[in-house]
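Have a look at the structure below, then the notes.
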Amino acid sequence: MFPPFSTGAGKYHYPSHTIGIGFHMRIPIQEVTPGVERAEITGFVHELRDLGGLSFLLIRDRTGIIQVTIPKKKVPEAVLSAVREVSRESVVRVAGTVKAIEKAPGGRELIPETFEIISLAMSPLPLDVVEKVPAELDTRLDSRFLDARRPRVAAVFQIRNACMQAVYEHLFSAGFIQITTPKVVAAATEGGTELFPIAYFEKEAFLNQSPQLYKQMMMGAGFERVFEIGPIFRAEEHNTTKHLNEATSIDVEVSYADHHQVMELLEEIVIAAYRKVDTTCRPFLDLLEIQEFQVPSSPFPRLPYDEAIGIADRKIEEPIKYGDDIGTAAEKAIGEEMGSHYFIVDWPTAIKPYYAMPYQDDPTVCKAFDLMHPRMELSSGSERVHQYDLLVRQIQSKGLNPESFSFYLTPFCYGMPPHSGWGLGAERLVMTMLGLSNIREAVLFPRDRHRLVP
RNA sequence: GCCCAGGUAGUGUAGCGGCCUAUCAUGUCGGCCUGUCACGCCGACGACUCGGAUUCGAAUUCCGACCUGGGCGCCA
């Protein structure tokens with residue numbers, strides 16, 4: 001049986017052990033408090049400080065760091081020889097007595113009776129885990145496994161995990177069904193973005209840019225509320241701090257809901273993610289030196305597209321007019337004006353995908369929305385076209401061929417509930433939440449224009 | 001795809017025609033040190049992306065390749 005959760009009071013809750021034979025005595029470093037008498041810990045050698053008759057080693061596991069103090073005259077010879085041999089970032093097991101002592105970090109230290117090198121690390125290290133010397137992102141990504149040993153890097157992924165947990169909890173409790181849809185597809189589904197072609201036996205295939213068409217088909221299947229959290233692929237040759245060629249999309253589709261209702265859902269989910277991080281990730285926020293963590297409040301302002309253009313036109317040099325896409329400069333200018341999360345609503349039909357539902361009284365405007373953070377777009381969504389004839393006309397008006405979409409269009413002929421949905425970029429959510437300067441910081445193994453390994 | 005800036009020890013940097021047998025920090029190795037906590041002190045080790053050109057002389061200038069960062073465009 002996998003061990004239960006421990007309850008380190010006031011701290012982050014990590015699963016306690018026993019993982020694997022021989023490690024049943026191990027306790028997480030966080031739980032070695034001044035009150036404990038004896039402890040066996042396993043972890044990485046974080047730092048070595050030899051003062052002569054006295055040595056200090058810092059041992060790190062994912063819960064924290066503890067000082068192992070070695071008074072050379074008072075510990076067994078076997079401990080001394082192991083300590084002489086050990087290198088930074090080696091994996092070790094240390095067992096001994098715990099001493100409560102003011103001057104040690106965390107108010108306690110471990111005096112070893114046994115010291116075992118489980119896995120010796122080579123030297124020199126590809127980067128400095130202790131962060132005395134910085135490393136460039138490129139160097140860090142080349143050795144991501146080591147980079148992720150740095151508590152501050154791990155903190156980002158703990159926070160990302162908390163966000164995703166909040167999203168799942170919210171969606172499951174609202175009765176959503178999680179689905180998985182193909183990532184290998186036959187045709188360019190939506191137009192617009194470039195796709196990665198791949199070889200699929202004797203056929204040409206692509207990596208999917210979005211689960212859009214599939215989640216809509218599940219509305220046709222009567223699932224009513226579906227979500228998928230998975231990878232999406234874009235073959236754009238962009239080279240920026242906010243684009244990835246492989247990203248994680250949180251995709252949602254809801255039957256019998258209009259765009260207003262799914263905007264409310266989106267708002268709730270973003271706030272739930274912030275709230276989860278606020279209430280459970282304090283130690284990680286501290287590591288990242290984020291003192292003031294603001295949970296955004298609802299409702300987010302709904303800014304009509306034409307007003308957004310007006311703001312941009314007043315604030316930026318380059319001319320912008322109704323019908324234009326909102327470029328980087330405009331996005332920034334509007335973001336400054338709005339100051340917090342906001343929606344841009346009522347977009348021109350011409351610059352949104354064919355599946356966005358036009359208003360009946362003015363079909364040049366559609367029921368599409370973008371969720372914006374002042375720094376960038378986080379999500380886009382819409383009420384969808386559920387009428388077969390209108391959908392075919394819209395596909396044609398985008399210069400696409402309806403015949404290549406027949407698998408998608410057929411369900412619209414056999415009773416399609418009205419529906420709405422959105423896709424939210426997980427990395428962008430984390431990036432904007434934590435003020436990360438580069439989206440690659442929010443992905444373990446980013447795929448960008450130049451990086452395919454690791 | 002366009003534009004700009006770069007590529008110097010394991011890592012992060014200084015140097016930008018001769019003062020370079022290349023700076024500093026960190027690291028590693030050796031020595032001293034019993035309360036460090038970025039331990040300290042002494043010593044050593046370790047690098048100019050590659051190819052071509054200019055020049056008496058190139059880390060430094062020029063050309064090309066490769067690689068990197070950033071901005072823009074494009075982008076559910």
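Chain naming here is simple, since letters A, B, ... match the order of the sequence lines and numbering starts at 1 in each.
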Inset, instruction - Hey, which sits more toward the 5' end of RNA chain B by its nearest nucleotide, A:Lys103 or A:Glu318? - result: A:Lys103
Inset, instruction - Using a 4.0 Å heavy-atom cut-off across all strands, classify A:Asp251 as base, sugar-phosphate, or nothing. - result: nothing
Inset, instruction - Return the set of residues passing side chain to side chain contact (heavy atoms under 4.5 Å, CB included) with A:Pro348 (not counting sequence neighbours), or none when no residue passes. - result: A:Tyr305, A:Tyr322, A:Ile351
Inset, instruction - Please work out if A:Thr241 contacts a base, only the sugar-phosphate, or nothing of the nucleic acid, heavy-atom cut-off 4.0 Å. - result: sugar-phosphate
Inset, instruction - Considering only atom C1', compute the distance from B:rC72 to B:rU55 and round it to an integer number of Å. - result: 39 Å
Legend entry - Identity of whatever pairs with B:rC50 - Watson-Crick or G-U, under 3.5 angstrom: B:rG64
Inset, instruction - Pick base, sugar-phosphate or nothing for A:Lys99, based on heavy-atom distances below 4.0 Å to the nucleic acid. - result: base
Inset, instruction - Look at all strands and tell whether A:Lys72 reaches a base, only sugar-phosphate, or nothing, counting heavy atoms closer than 4.0 Å. - result: nothing
Legend entry - Sugar-phosphate, base or nothing in reach of A:Leu58, heavy atoms under 4.0 Å: nothing
Inset, instruction - List for me each residue that meets side chain to side chain contact (heavy atoms under 4.5 Å, CB included) alongside A:Glu47, sequence neighbours excluded, and say none if there are none. - result: A:Arg49, A:Leu58, A:Val130, A:Lys132
Legend entry - Between B:rG69 and B:rC32 - P atom distance, rounded Å: 45 Å
Inset, instruction - Tell me what A:His243 touches on the nucleic acid: a base, only sugar-phosphate, or nothing, going by heavy atoms under 4.0 Å. - result: base
Inset, instruction - Report yes or no: do A:His243 and A:Glu236 form a side-chain donor-acceptor pair below 3.5 Å? - result: no
Inset, instruction - If B:rU13 has a Watson-Crick or G-U wobble mate with both distances under 3.5 Å, name it; if not, just say none. - result: none
Inset, instruction - Provide the distance between the two C1' atoms, one in B:rG27 and one in B:rU11, to the nearest whole Å. - result: 8 Å
Inset, instruction - Identify whether any heavy atom of A:Ala104 sits under 4.0 Å from a base atom; if not, whether one sits that close to sugar-phosphate; answer base, sugar-phosphate or nothing. - result: base
Legend entry - Strand-adjacent residues in residues 124-150 of chain A, judged by heavy atoms under 4.0 Å from RNA chain B: A:Pro124, A:Leu125, A:Pro126, A:Lys132, A:Val133, A:Pro134, A:Ala135, A:Glu136, A:Asp138, A:Thr139
